[in-house]
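Have a look at the structure below before the remarks.
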Amino acid sequence: MTSSIHPDRRKKLDALRELGVNPYANRYEAPRPIADVLREFAKKNPQAAPAEGDEAAAAPAESVRVEGVRVAGRVMALRDHGKSIFLELKDRTGRMQVYLRKNDIGDEAFEKLGLVDLGDFLGADGDVDKTRKGEITIFATGFTFLSKALQPIPEKWHGLRDVETRYRKRYVDLFANDEVAEAFRVRAMIIRRLRRFLDDQGFTEVETPMMHPIAGGAAARPFVTHHNTLDMQLYLRIAPELYLKRLLVGGMERVYEINRNFRNEGISTRHNPEYTMLEAYCAYADYNDLMDLVERMIVDAAEPMFGEEPKIPTPDGRTLDLSRPWRRAKYRDLFQEATGVDMNDRDAVVAYAKSIGIDVEGDRDFHAIANDVFEEKVEPDLFEPTFVYDYPVEISPLSKCREDDPSTAERFELFIRNMEMVNAFSELNDPIDQEERFRRQVDSKDEEAPAEVDYDYVTALEHGMPPAAGLGLGVDRLAMIFTNAQSIRDVILFPLLRHQASGGEPDAGSESDANEE
RNA sequence: GGGGGCAUAGCUCAGUCGGUAGAGCAACUCCCUUUUAAGGAGUAGGUCGAAGGUUCGAGCCCUUCUGCCCUCACCA
């Protein structure tokens with residue numbers, strides 16, 4: 001499927017040039033947002049507004065015109081009536097009908113109008129009024145070619161459905177399917193609200209390195225890259241954690257960062273190799289404080305769309321209730337509740353795990369087995385927002401233990417719609433303990449463990465880090481919740497797909513096998 | 001990586017029992033000065049994802065490959 005320019009469109013392009021029209025205008029003075037224009041007209045004609053579909057009541061003769069309006073946008077529909085044409089313009093704020101009559105715009109302009117295709121960008125000037133059928137319309141006195149489209153637009157009724165094409169040609173998806181653009185506006189709104197909330201709490205937004213000499217702060221396989229001048233191997237970060245905590249040492253007591261993490265792992269409806277994480281750290285707070293903060297922050301983000309007691313539809317037709325307060329349950333209690341087994345009764349847990357088909361053979365770590373059971377039996381029920389807290393320390397290598405119980409980490413995870421949304425804990429600030437844990441990680445030779453100990457980070461802790469709690473929130477997943485998305489790809493503009501050699505560009509013909517492993 | 005599914009015109013989709021390719025929209029020509037999934041008359045458009053195989057004959061059956069979707073595994 002090579003991209004070929006439609007010959008008819010190409011001909012029209014040349015025809016425009018011959019008529020002295022620049023098909024790709026350099027500048028277009030101050031078009032108004034369509035939504036503004038529609039709003040102004042509605043304001044001036046309040047009684048006409050509810051007359052939907054009622055031709056008699058519309059009383060078009062009575063309406064008050066909005067005069068001298070200019071709009072611009074992409075032509076999404078075109079109805080040719082011989083000596084007059086209706087077309088629909090779409091801009092970022094909405095769609096609006098434009099009516100162009102030969103009598104109004106003149107013979108010469110009307111001839112040029114015949115060279116308009118669906119998908120072109122056009123500007124139009126005129127007065128706004130209602131048509132006989134009651135549609136608010138610009139009765140154009142003139143129009144301007146702004147940009148010629150050489151590719152056809154998708155089918156007007158069904159839009160662009162093919163999932164692969166939607167992701168590969170997101171630019172088409174965005175203008176063809178209104179709800180797509182809307183989802184990304186929602187995403188932007190969420191991020192704006194998160195920022196505002198944290199700013200109001202006295203947090204400072206920072207930017208820390210995306211390229212790390214040591215891939216630390218989480219357990220994940222990193223992407224590897226190389227800096228030529230320094231001749232240095234670097235990793236795209238898997239988490240900003242260790243840098244943000246360095247800032248706590250430096251006295252920045254409340255910091256956050258919203259930015260990309262990169263993890264060289266599987267792709268799924270909930271995973272993209274690069275994804276957006278909010279990490280926030282707060283000195284003199286513990287994990288309980290962060291539960292409060294997270295709850296308020298997410299409900300605050302939901303407020304503009306869903307109000308203060310948010311009820312959000314989900315893809316499977318249920319309703320998610322985000323009204324505060326959210327359920328808080330101990331890991332151990334949820335385990336017991338779902339399985340009838342005490343998590344600390346090792347034999348019983350292993351027997352139970354075996355009974356539900358979990359691998360318990362060989363030298364598998366007990367806590368890994370127990371966590372498999374948890375994921376299998378508890379997580380599928382974590383639909384309503386739930387803070388799961390007090391995790392076993394063995395599966396929480398970065399958190400501080402409870403003072404009264406060294407086997408339990410001061411850590412929680414927030415689940416919403418069965419997705420892990422937040423991971424948070426009271427941060428370890430004991431440099432000696434930290435160094436030991438790093439050593440053990442490195443010695444484990446685990447593929448997801450860093451290759452070397454981050455001594456600079458240990459040294460930072462030796463300078464003294466205040467007690468603090470930190471959280472990581474998956475921003476894409478939160479956007480999924482708010483936009484009722486089934487896949488993370490629906491909230492990421494350009495999700496990672498396999499590269500396709502074909503397409504518009506002639507390939508350089510590189511059968512490249514020259515990549516090093 | 002394992003399992004399941006999908007791939008037909010620019011777009012959205014049909015395609016019967018294996019008998020040689022269809023519709024709507026878009027496009028093109030013409031008519032139409034208040035339509036709105038405008039309408040009317042006509043025209044053109046296909047290496048059925050790719051490569052092999054079975055068969056007298058393959059969009060359809062088989063094999064391999066490519067891409068995407070779902071799912072499992074790991075992660076947030």
Side-chain angles (χ1 to χ4, degrees), chain A residues 1-9 11-12 55 58 60 76-88 95-105 110 117-119 129-137 139 150-169 172 176 218-221 238-239 260-279 358-359 368 371-372 375-376 413-416 419-424 446-448 471-478 480 486-489 495 497-502:
Chain A
M1 237 166 273
T2 49
S3 103
S4 55
I5 291 173
H6 200 290
D8 295 313
R9 293 206 174 206
K11 270 183 223 153
K12 289 181 190 173
E55 281 182 53
M76 297 302 288
L78 192 155
R79 295 178 283 275
D80 185 347
H81 285 254
K83 299 200 173 50
S84 72
I85 292 181
F86 290 93
L87 47 84
E88 243 172 68
R95 290 170 186 244
M96 170 165 211
Q97 180 168 265
V98 179
Y99 184 49
L100 301 109
R101 297 197 317 162
K102 198 172 185 180
N103 285 0
D104 297 337
I105 65 173
F110 199 78
D117 284 308
L118 290 174
D129 203 344
K130 276 195 176 176
T131 61
R132 202 177 284 162
K133 294 282 174 62
E135 174 145 352
I136 302 170
T137 299
F139 290 81
L150 298 178
Q151 299 281 355
I153 65 174
E155 213 258 357
K156 64 182 167 191
W157 195 239
H158 300 94
L160 181 62
R161 286 288 173 74
D162 183 79
V163 180
E164 184 175 356
T165 311
R166 287 187 44 222
Y167 296 150
R168 288 195 190 277
K169 305 180 87 173
V172 177
R221 274 189 286 268
I238 56 173
R260 232 66 68 78
N261 286 348
F262 305 87
R263 299 192 177 179
N264 204 338
E265 291 176 348
I267 296 176
S268 80
T269 47
R270 290 174 298 280
H271 302 269
N272 195 60
E274 53 177 304
Y275 69 100
T276 301
M277 178 89 127
L278 161 64
E279 283 205 9
I358 287 169
D359 177 20
N371 201 238
D372 282 352
E375 286 174 11
E376 185 76 23
E413 290 197 354
L414 169 67
F415 288 83
I416 304 178
M419 284 191 290
E420 205 175 325
M421 196 63 60
V422 174
N423 187 14
D446 189 321
E447 277 188 60
E448 297 191 342
L471 70 89
L473 182 156
V475 173
D476 314 272
R477 288 183 177 179
L478 189 61
M480 286 172 69
Q486 191 119 38
S487 170
I488 198 167
R489 294 179 204 94
L497 298 178
R498 207 175 292 270
H499 179 64
Q500 280 192 325
S502 68

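Naming: A, B, ... by sequence-line order, numbering from 1 per chain. Values below: all heavy atoms of this structure, side chains included; hydrogens, waters and symmetry mates excluded.
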Notebook entry, point to check: Under the side-chain contact (heavy atoms from CB on, under 4.5 Å) criterion, do I238(A) and N261(A) qualify, and how do the steps go?
Noted result: CA-CA 5 Å; I238(A) 56 173; N261(A) 286 348; 5.9 Å; no

For [N] versus [M], give the span between their [atom1] atoms, rounded off to a whole number of Å.
N: A73(B); M: G3(B); atom1: P; answer: 16 Å
N: G15(B); M: A23(B); atom1: P; answer: 15 Å
N: C68(B); M: A14(B); atom1: P; answer: 22 Å
N: G59(B); M: U8(B); atom1: P; answer: 15 Å
N: U20(B); M: U16(B); atom1: C1'; answer: 15 Å
N: C11(B); M: G49(B); atom1: P; answer: 13 Å
N: G39(B); M: G18(B); atom1: C1'; answer: 42 Å
N: C30(B); M: U35(B); atom1: P; answer: 24 Å

Looking for any heavy atom pair under 4.0 Å, which part of the strands does [X] touch: base, sugar-phosphate only, or nothing?
X: N423(A); result: nothing
X: I85(A); result: nothing
X: R221(A); result: nothing
X: N272(A); result: base
X: L160(A); result: sugar-phosphate
X: Y167(A); result: sugar-phosphate
X: I153(A); result: nothing
X: G474(A); result: nothing
X: R95(A); result: nothing
X: E413(A); result: nothing
X: E420(A); result: sugar-phosphate
X: D162(A); result: sugar-phosphate
X: T269(A); result: sugar-phosphate

Item checked: Other residues, nucleotides, ligands: >12 heavy atoms within 6.0 Å of R260(A) CZ ->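 12 or below, so no.
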
Does [N] have OP1 or OP2 under 4.0 Å away from a side-chain N or O of [X]?
X: K133(A); N: U35(B); answer: yes
X: R79(A); N: A37(B); answer: no
X: R161(A); N: C11(B); answer: no
X: K102(A); N: U33(B); answer: no
X: K12(A); N: C28(B); answer: yes
X: R498(A); N: C68(B); answer: yes

Margin query: Can you tell me whether the side chain of R132(A) and the base of U34(B) have a donor-acceptor pair closer than 3.5 Å?
Written below: no

Margin query: Regarding U34(B), can its base be found pairing with the side chain of E135(A) as donor and acceptor, where the two atoms are less than 3.5 Å apart?
Written below: no

Please report the distance, rounded to the nearest Å, between [atom1] in [X] and [atom2] in [N].
X: I488(A); N: C74(B); atom1: CD1; atom2: P; result: 18 Å
X: I136(A); N: U36(B); atom1: CD1; atom2: P; result: 18 Å
X: L78(A); N: U33(B); atom1: CG; atom2: P; result: 16 Å

Margin query: When both hydrogen-bonding distances must be under 3.5 Å and the geometry is Watson-Crick or G-U wobble, what is C32(B) paired with, if anything?
Written below: none

Check: Looking only at heavy atoms, what is the nearest atom pair of Y275(A) and R263(A), with distance?
Finding: OH-CZ, 3.0 Å

Next item on the list: Starting at CD1 of I267(A), measure out to CZ of R270(A) and round the result to the nearest 0.5 Å.
Entry: 13.5 Å

Check: Roughly how far, to the nearest 0.5 Å, is CZ of F86(A) from CG of D80(A)?
Finding: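 Those atoms lie 11.0 Å apart.
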
Notebook entry, point to check: Under 3.5 Å, is there a donor-acceptor pair between the side chain of N423(A) and the main chain of G472(A)?
Noted result: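 Here the side-chain-to-backbone pair does not exist.
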
